[in-house]
Structures are given as C-alpha cells and as structure tokens.
Novice: 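Here you go, one structure.
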Amino acid sequence: MSDNPERELRVSKIRDGTVIDHITAGQALNVLAILGIDGSGGEEVSVGMNVPSDRLGRKDIVKVEGRELSQDEVDVLSLIAPAASINIVRDYEVVEKARVTRPTFVSGVLSCPNANCISTQGEPVESRFEVLDDAVRCVYCDTIIREDLPERIDV
Amino acid sequence: MRHDHLISAKQLTRQDIEGVLDRAASFAEDGGGGHEDHLLGLLFFEPSTRTKMSFDTAMKRLGGDTVDMGSVESSSVKKGESLADTVRVVAGYTDAIVLRHPSEGAAKLASEFVDVPIINAGDGAGQHPTQTLLDLYTIRENAGLDDLTIGIMGDLKYGRTVHSLAAALTNFDTRQHFISPESLRLPRGVRYDLHETGAQVREHTGLEEVLPELDVLYVTRIQRERFPDENEYRQVAGQYRIDAATLEAAKDDLTVMHPLPRVDEIAADVDETTHATYFEQAHNGVPVRMALLDAMLGGGGE
C-alpha cells in the first residue's frame, strides 16, 4: 500500500487489460502509438506522465482496458521503455507481471529510415533490426536508429 | 574460407583473408582450372566494367563459364520482377551468383532466398567485399598488412569500397585515417563497428595533416550527384584532389590506390610516379576473384 493513496488514485484501476508501468518518463504517448491507440477506436485508456517513481525518479504509466499485449508489441516497447513492467489484469487482479526484456532482433515492427534500403522496396521480406545497447540496426543496410526510434515504429 | 555467402567484409577473418590472398598469389603465378562443370550467374543491376569483367574472366580462367542477365532494360526486372524472384530463378541455373545492385542490403536479401552462394559485388552505398580482397592483395604486395598507416580519402559516406576496406583492416595491425569533407564522413554504422573492434581510427578534413605518416593513400571519387549545389561540389572536390606536387610531402614508398573509375581526384601526372598503384590494383581483381570463387565453389581449382 502506498503512503500516499491520493497519488495512487490519479490513475484508476482497470478490470481487464494491461498496465504498463515504469515507462521512461515522457514516452507514454509513444507507447500508445506503438499500441495503435489514438482514441478513435474507443479504447478506455488511462495515462500518467512524469509521476514520481522510487526506481526511475519519474515515470509514465499506461493502463489499457480490455487489451492484452502481444509479444511483438512488448518487444518494441522494450526499445523505448527498457525498464517497463507489464501487468496483465483480469477481474481487477494482476494475473501476470513481467519486466520487458530487450530481444536480440525485432522483425516487422520498425521501418528502415534509409530510403535506399532493400527492405523498403517492396521485396517479400519484413524489416529486421538487431537490437544494440542503446539503438537498433537494420540487418539489411546497417543503418543505426537511435534518437528517432519512436518515429520508425510500424506496429 | 567457410561461408555460404559473401555479403559483407565484416564476415571476413584474418585467416579467411590470408587464405584467399595466398591462393590468389598462386593463381597469379600458375593460372587456374578445375571448375569446368561450374557456371556463375552475373546479375548486375548497375553498370560495371571492372567488377563484372574480372568475375567473368576469373570464372573462365578457372575453366568454368558464366551466364549474364544483361542490362536491366533487357531483363524481367524491367517488367517489375522482384529481386527475390530473380535470384530464385537464376539460382536454378547456376552454381553461384555475383550480384551488383543499387540498393543497400540487396545481397543480404538475395542470400535469404537461394541455396547457391551469393557474392556481393556492391550494394548501393553499403559494401563491396570482393573489391576489398583485391585491395588487401595490392596493399600486401606493396606495403604488407601489419604495422601499416593507411589514409582513406574522399566520399566516405557513400563509398562502399571504403566501408568494406575499413572493416577488413580491423583484422590487422593498422592505423586508419579517414579524410573527407564533414558532409561525407563515415556513416554511423561503420563508425560503430570500428569502435566496437577497438580499431585505431582518426578523422580529418585535410590530407596535409596526415600525408607524411601514410604508407598507403586510398583515394575515392567525391560524387558530384551527392551535392545539391554544383558550386559546393566544386569547392569540396578541389580540396581532395592530389597531383604529383601534393605527393612530394609523402613518404617515398607511399602506395596510392583508387578503386576506379577516377574522374579528376588523381591528376594524370601521378600515373608517372612510383606511387601509382591503381592499375595494378585493378589487374589484381582477376586472381583474387579466382581464389574467392575457388573457395566458394568447393576448392576444385588446381
């Protein structure tokens, strides 16, 4: 139980869905973009931004009602929110809790920014990126994406 | 060498490189043979003179033969066929494919669709590993491959020969100096790999500060089409042109190389100096590619 219940209540509990906690501060809207949530689909979403965190100092938090994340989505989340935890909630109870882990490769979830890369030219392949410590690298053309990674997300 | 495909110079170990160069030296001395049953597919989606002709020559000198897609205009590519489909078809006709393509990553993609070896003969601004093997052969003949200070000058951003050479040189005891305009510095991916291998690397905007130290100067063309403004191109290109007078500040045994074609970055008066090695470098393409094909096709050569 938190020492400050009012702070906890800023973001309401969900019945069924996913709570993504410990998102790097300022990345919540990118997380929503990865999940393809822009409000037009009618999803019930709660967002906390720059809230205090013992572990991160400041963090973002996203709660999505009625939606459990796929592994692809979790893989991409790990690229912009490496400390995030994923809590699957059913009937108000957390039934699964896991930290994201950075995969070695991600496929089909990012587009290469190099317009001359073969993966962008209609060939029958998915984009594929090697995950580095602080960036990702296209396995076809070697282009490294670091700062503008959220803009390249395709999910 | 035990690779199914040759896509990038990053694949090559010192042992791989020395194996190919030693074999190339033997082919240069004694000629080849032993591949009479082998057929090599030449898929050149971009114009090429030296690379294509030297692969064609190398295969024929090994006793084998080649089939050539011809120009893009006369092929099914013109009808919109994907690269993946083209290589799958040609792989059914041949024992190995040499691929030149204007897009980065083309050889990597091709390798995912076929069982025969793919040899990357240049993919856009990406890699050109067979050029690197003949570059290393030439460097070894003229300056050795260890305790070497090499300057690489010109378009380092889009120069695929540079990207491959830089990667391969990390297998040896070398100090690499990169000389270019700010706008044409090495791309991030190449710098990342050099950093990861702990290579000794320095970057410069002017040749004069490093020229006296160099054992090898590798010059590449600054490509006019990379500059939106013609005046900007002229200003930059002029700073990276060498002539015989420039080389008076160099060591007597400096080796000057260029993957060719040159435009005006090396003046004709350099050709008459003992530094000029670029034509020898081009000639070395045949024995080196013979050695590479021999290794990738199963070492049937004599």
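Sequence lines set the chain letters: A, B, ... in the order given, protein chains first and strands last, and positions in each chain run from 1. The figures that follow rest on heavy atoms only: side chains count, while hydrogens, waters and symmetry mates do not.
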Novice: Think A:R128 forms a cation-pi with A:F105, using NZ or CZ under 6.0 Å from the six-ring centre and within 45 degrees of its axis?
Specialist: yes
Novice: Return the option, out of A:T120, A:L132, A:T143, with the maximum number of heavy-atom pairs under 4.5 Å with chain B.
Specialist: A:L132
Novice: Distance only, no hydrogens: is a donor on one side chain within 3.5 Å (strictly under) of an acceptor on the other, for B:H258 and B:E265?
Specialist: yes
Novice: Identify which part of B:H163 has an atom lying under 4.5 Å from any heavy atom of chain A, answering side chain, backbone, both or neither.
Specialist: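 For B:H163, there is no contact with chain A at all, as no heavy atom is under 4.5 Å.
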Novice: For the residue pair B:G189 and A:I144, what are the closest heavy atoms and their distance?
Specialist: CA-CD1, 3.7 Å
Novice: Go through B:G124, B:A125, B:G105 and name the one with the most non-hydrogen pairs under 4.5 angstrom from chain A.
Specialist: B:G105
Novice: Can you confirm if the NZ or CZ of B:R100 lies within 45° of the ring axis of B:F44 and under 6.0 Å from the centre of its six-membered ring?
Specialist: no
